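Predicted model, so just to flag it, every value in this text is computed and none were measured. In what follows, chains are A, B, ... by sequence order, proteins preceding strands, each numbered from 1.
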Amino acid sequence: MFVARRLVLAHFWVAFVAFLGAIFLGEWQMFMRSPLSAWINNPEHYYRSVTAHGTVMAYVLPTLVAMGFGYAISELALKRPLIGLRWAWTGFWLVIVGTAMAAITVALGKASVLYTFYPPMIASPFYYLGVVLVVVGSWIWVALMSINLRAWRKENPGATVPLAMYGNLAGAYLWAWTSVGAAVEVLVLILPASLGLTDTINAGLARVFFSWTLHAIVYFWLMPAYIAFYSIVPRAIGGRLYSDTMGRVAFALFLVFSMPIGIHHLFADPQVGAGFKFVHAAMTAMVSVPTLLTVFTIVASVEIAGRLRGGKGMLGWIKALPWDNPMMLAVTFAFIMLGFGGAGGIINMSYQLNETVHNTQWVTGHFHLIFAGAIVIMYFMIAYDLWPQLMRCGSMPAGLMRTQLWLWFVGMMVLTMPWHWVGILGMPRRMAYYDYSHPELQAQAWTVTASTLGGLLLVISAVLFVYILARARRTHEAPVPYTFSEPIHMPARTPVALNTFAVWVTMMIALTLVNYGWPIVQLASLEQASVPVIPIGGR
Amino acid sequence: MSAVAEAAEQRWAIIVAAIIAVLIAMMVVTGLHWAAMPPSRVETVDVKTLHLKGEFVESNLGTALESDGKVVVRVLAQQYSFQPQCLVVPEGMPVTFRGTSSDAIHGFSIGKSNANTMMIPGFVATFTTTFRTAGEHLMPCHEYCGIGHEAMWARVQVVPQQEFLARIGQEKRLSCVRR
C-alpha cells in the first residue's frame with residue numbers, strides 16, 4: 001500500500017470496536033428478555049439498547065468496513081496512491097463525529113426510536129443529525145472512489161477495470177442512490193418535526209421512503225463480502241476464479257435490482273396498493289439472480305482449488321480442499337448461512353407467505369443469519385487478509401482464527417434457528433419481556449434461552465476476533481505483495497457495458513423512479529395522512 | 001476449456017431462470033386462484049377526529065354482523081392497548097378486519113394464523129381471513145410503538161358459528177372484554 005494504510009486501519013479499528021460494544025448490548029438484550037432473567041425494571045432501557053445495537057450494526061459497522069476496504073482496494077487493485085487522502089480523512093471524521101453524536105443522544109435516552117426511526121415517534125434532532133453525518137461522510141468516499149477510478153482510466157485507456165475495483169464502485173454507486181430514500185425521509189419529513197418546525201408527519205410516506213433505503217442497504221452491506229468471494233477467496237485457498245465476467249454481471253445486477261424492491265418490507269402496510277406490492281415482489285425474485293450466479297461461480301472456483309490440489313472424481317475434490325485454511329472454513333460457513341438465510345428471504349418476499357412471518361422473530365432470525373452471519377464472517381476475513389498489509393505483522397494465527405470462525409458459525413446458528421422456529425409460531429419481535437407464565441408463551445420459552453446461549457458464543461467470538469487483530473505486532477520484514485484472485489482465463493476483451501457503469505446506473509435510477517414514483521406522489525398528496533408527532537425523550 | 005465453462009454457465013443460467021419463473025408463478029397462482037393478497041387498498045382516516053365520529057368511535061368497535069351478512073371486526077390500536085382487548089370471531093366464516101391507530105405505528109398478528117397487518121396512523125388497514133378451528137389466540141402488537149409496547153397484547157376467541165350467531169343477535173357489537 002502507498003498512502004492509505006493508516007486511513008484503512010483507522011476505519012477498521014473504529015468499525016470493530018463499535019461492533020464489539022454493540023454485540024455486548026445485543027447479548028444483554030437477549031438475556032434480559034429470556035426466562036433466565038426477571039422482567040426488566042424499565043423497558044425503555046431495553047429499547048435504548050436496541051436502538052444503539054441497530055444503529056451501530058446497520059449504519060456504523062458496514063459503512064466503515066465498506067469505506068476502509070474500498071480505500072484499500074483502490075490502492076491495491078489500481079496500484080497507485082489514493083487521490084484525495086485529506087478528503088478521505090474528512091469523511092472519516094464526519095463518520096466519527098456523527099457516530100459519537102448519535103451514540104450520546106441514544107445513551108441519554110433521547111432517541112429510543114430504533115434505527116428504523118418509526119415516525120410519528122420523533123427523537124432528539126441530535127440523533128438524526130448524527131446519522132446524517134455518518135451518511136455524508138460515506139458520500140465523500142463514494143466521490144473519491146469514482147475520482148480514483150477516473151484517474152486510473154485516464155492513465156490506462158481502454159484497459160479492463162480490475163474486478164475488485166469494479167465491485168467496489170458498484171457498491172459505492174449503489175449506496176449513493178439507496179441512501180437518498182432515508183436522507184429524504186430524515187431531511188424533509190423527520191428533522192423539521194424534530195426541530196419543532198412542524199407538529200405533524202406523514203407516517204405512511206416516511207415508511208415508503210425508508211423502504212427505498214431499507215432493502216438496498218442490505219446489498220451495500222453485502223458488497224464487501226461478495227468482493228471478497230470473487231477477488232480474495234480463490235487466491236487465498238490456492239484456486240482460480242472460474243469467471244471474471246460472471247463477477248461483473250453479478251455486481252451490475254445488484255445495482256439494477258437492489259432498489260426497486262423495497263416495498264416488499266411493506267406487504268402488510270395499508271398505505272401501498274396491491275399492484276405495487278406485487279411488482280416489488282416480482283422484482284425481488286430477480287435480485288436473487290446475482291446471488292445464484294455467485295454461488296455457482298464461487299463453488300466452481302473452489303472446485304478448481306480442490307482439483308489443483310489433486311482432488312479427483314465427482315466429490316473427491318471436496319476432501320482435497322485446504323480445510324485448515326481459515327478462508328476455506330469461512331467461505332463454507334458463509335455459504336451455509338447464505339443458503340438458509342436466502343431461502344428464508346425468498347419466503348419473506350413471497351407476497352403471501354410473508355403474512356405468516358411478518359414482524360415475528362423469524363425476520364430477526366433471517367437478517368441476523370444473512371448479515372451478521374454470512375456477511376460479517378466475511379468482514380472478519382477481509383480484516384484478517386488485509387492485516388499483514390496494514391500492520392506489517394507477518395502471518396496471522398490460523399488456529400485462533402479457526403476457533404473464532406467456528407464460534408461465530410455455531411453461535412449464529414444457535415441464535416437464529418430458534419428465532420426462525422418461534423417466528424413461524426407467531427412470536428412477535430422487539431419485546432422487552434415476554435409473559436412466560438402464559439401457557440402459549442411458556443412452551444416457547446426454551447427458544448429464547450437457546451438464542452441467549454448462541455449470543456454468548458457470538459460475544460466470545462467477537463472478543464477473540466478483536467484480540468487476534470490487537471495482538472498483531474509489527475515485524476521487520478516487508479509484507480508479501482498483495483494480490484487478488486486470478487481468473488482461470490481472462491477474456492481477451494471485456495464488453496464495454498461490463499467495464500463501465502453508465503447503463504446500470506441509468507437503469508437503477510429509472511427503475512427506482514418507476515417503482516417508487518407513483519406511491520410517493522400518491523401518498524404525498526393525501527391530506528389526512530399527516531398525523532401528530534409523538535416526541536420521545538423530549539424533542 | 002472455455003467452451004466447457006460456457007456450457008456449464010449456460011446450464012446454470014437456465015436453472016436460475018427456472019427458479020425465478022417458478023417463484024413468480026407461485027405468487028401469481030396463489031394470488032389469483034386463492035385470492036391470497038396482502039392488505040391492499042389505500043384508505044385514509046382523520047386521526048384527530050377518530051374518537052368523535054366515524055366507524056372507529058368506541059361504541060362501534062368490536063365484531064359486527066353487517067346488513068349484507070358480512071362479519072366485520074373493527075379494532076383501534078393506541079399506546080399501549082387494543083380496543084377492544086378481546087375479540088370474538090366465528091369459526092369457518094370469512095372475517096374482515098378493519099383497524100387503525102390513533103397515535104404511533106402498531107401492528108398485530110393473531111396466534112399461529114396468517115392474520116397479520118400493520119396499523120399506520122392516518123390509514124385504515126383491512127384484510128379478510130377465515131379461522132378454521134375454535135379456540136383462543138394471543139394477539140400481540142408486533143411493531144415497536146414506545147416503551148409500553150411489550151405489554152400490548154389482546155386476545156381473540158374463535159367460537160363455533162352457531163354460538164357466534166346467537167351471541168351477535170343479542171348485542172350489536174360483540175367482544176369478550178371482561179367487565
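Contact annotation for A/Met427: neither backbone nor side-chain heavy atoms come within less than 4.5 Å of a heavy atom of chain B. At a 4.5 Å heavy-atom cutoff, the contact between A/Val113 and chain B is made by backbone atoms alone. Contacts of A/Arg48 with chain B are absent, with no heavy-atom separation under 4.5 Å from either backbone or side chain. Proximity to chain B (any heavy atom under 4.5 Å) is shown, for A/Leu425, by both the backbone and the side chain. Residue A/His438 touches chain B through its side chain alone, counting heavy-atom pairs closer than 4.5 Å. At a 4.5 Å heavy-atom cutoff, the contact between B/Pro121 and chain A is made by backbone and side-chain atoms alike. Within the 4.5 angstrom heavy-atom criterion, atoms from both the backbone and the side chain of B/Leu138 approach chain A. Both the backbone and the side chain of A/Gln271 come within less than 4.5 Å of a heavy atom of chain B. There is no contact between A/Leu266 and chain B, counting heavy-atom distances below 4.5 Å. Only the backbone of A/Ser530 comes within contact range of chain B, judged by heavy atoms closer than 4.5 Å. Looking at A/Phe276, neither its backbone nor its side chain comes within 4.5 Å of chain B, counting heavy atoms on both sides. At a 4.5 Å heavy-atom cutoff, the contact between A/Pro119 and chain B is made by backbone atoms alone. The contact between B/Ala8 and chain A is made by backbone and side chain atoms together, counting heavy-atom distances below 4.5 Å. In this structure, chain B has a heavy atom under 4.5 Å from the side chain of A/Tyr434, while its backbone stays farther away. For A/Ile534, the part sitting under 4.5 Å from any heavy atom of chain B is the side chain, from C-beta outward, and nothing else.
Using a 4.5 Å heavy-atom threshold, the side chains of A/Met286 and B/Ile20 count as touching. A/His358 is listed as a side-chain neighbour of B/Met118, based on a closest heavy-atom distance under 4.5 Å. In this structure, the side chains of B/Ser109 and A/Thr356 stay at 4.5 Å or more apart for every pair of heavy atoms. Side-chain contact between B/His142 and A/Arg429 is absent, with no heavy atoms from C-beta onward closer than 4.5 Å. Looking at heavy atoms from C-beta onward, A/Leu523 lies in side-chain contact with B/Phe123 at the 4.5 angstrom threshold. Put simply, the side chain of B/Thr129 does not reach to within 4.5 Å of the side chain of A/Glu355, judged on heavy atoms.
Open room surrounds CD on B/Glu58; 12 or fewer heavy atoms of other groups in view lie less than 6.0 Å from it. No more than 12 heavy atoms of other residues, nucleotides or ligands shown are found within 6.0 angstrom of CD on A/Glu527.
Here the straight-line distance linking atom NZ of B/Lys48 with atom CD of A/Gln528 works out to 8.0 Å at 0.5 Å rounding. In this structure, A/Asn359 CG and B/Asn116 CG are separated by 7.0 Å, a value rounded to the nearest 0.5 Å. Taken to the nearest 0.5 Å, the CE atom of B/Met26 stands 8.5 Å off from the CD atom of A/Gln352.
Here B/Asp46 is the residue among B/Asp46, B/Val47, B/Ile15 with the most heavy-atom pairs under 4.5 Å with chain A. Ranked by heavy-atom pairs under 4.5 Å with chain B, the first of A/Ala300, A/Ser288, A/Ser112 is A/Ser112. The most heavy-atom pairs under 4.5 Å with chain B, out of A/Asp435, A/Leu114, A/Asn202, come from A/Leu114. With chain B as partner, the option from A/Ala285, A/Pro491, A/Gly426 having the largest number of non-hydrogen pairs under 4.5 angstrom is A/Ala285.
Sequence neighbours left out, the pairs with a member in residues 9-28 of chain B that pass side-chain hydrogen bond (donor to acceptor under 3.5 Å, both in side chains) are A/Ser243-B/Glu9.
What you find for B/Ile120 and A/Pro270 is that their closest heavy atoms are CG1-CD, 3.4 Å. Between A/Pro120 and B/Ile105, the closest heavy-atom pair is CD-CG1, 4.1 Å. Annotation for B/Cys141 and A/Pro428: closest pair O-CB, 4.3 Å, computed over non-hydrogen atoms.
Residues of residues 143-155 of chain B lying within less than 4.5 angstrom of chain A, judged on heavy atoms, are B/Glu143, B/Tyr144, B/Cys145, B/Gly146, B/Ile147, B/His149, B/Glu150, B/Ala151, B/Trp153 in numerical order.
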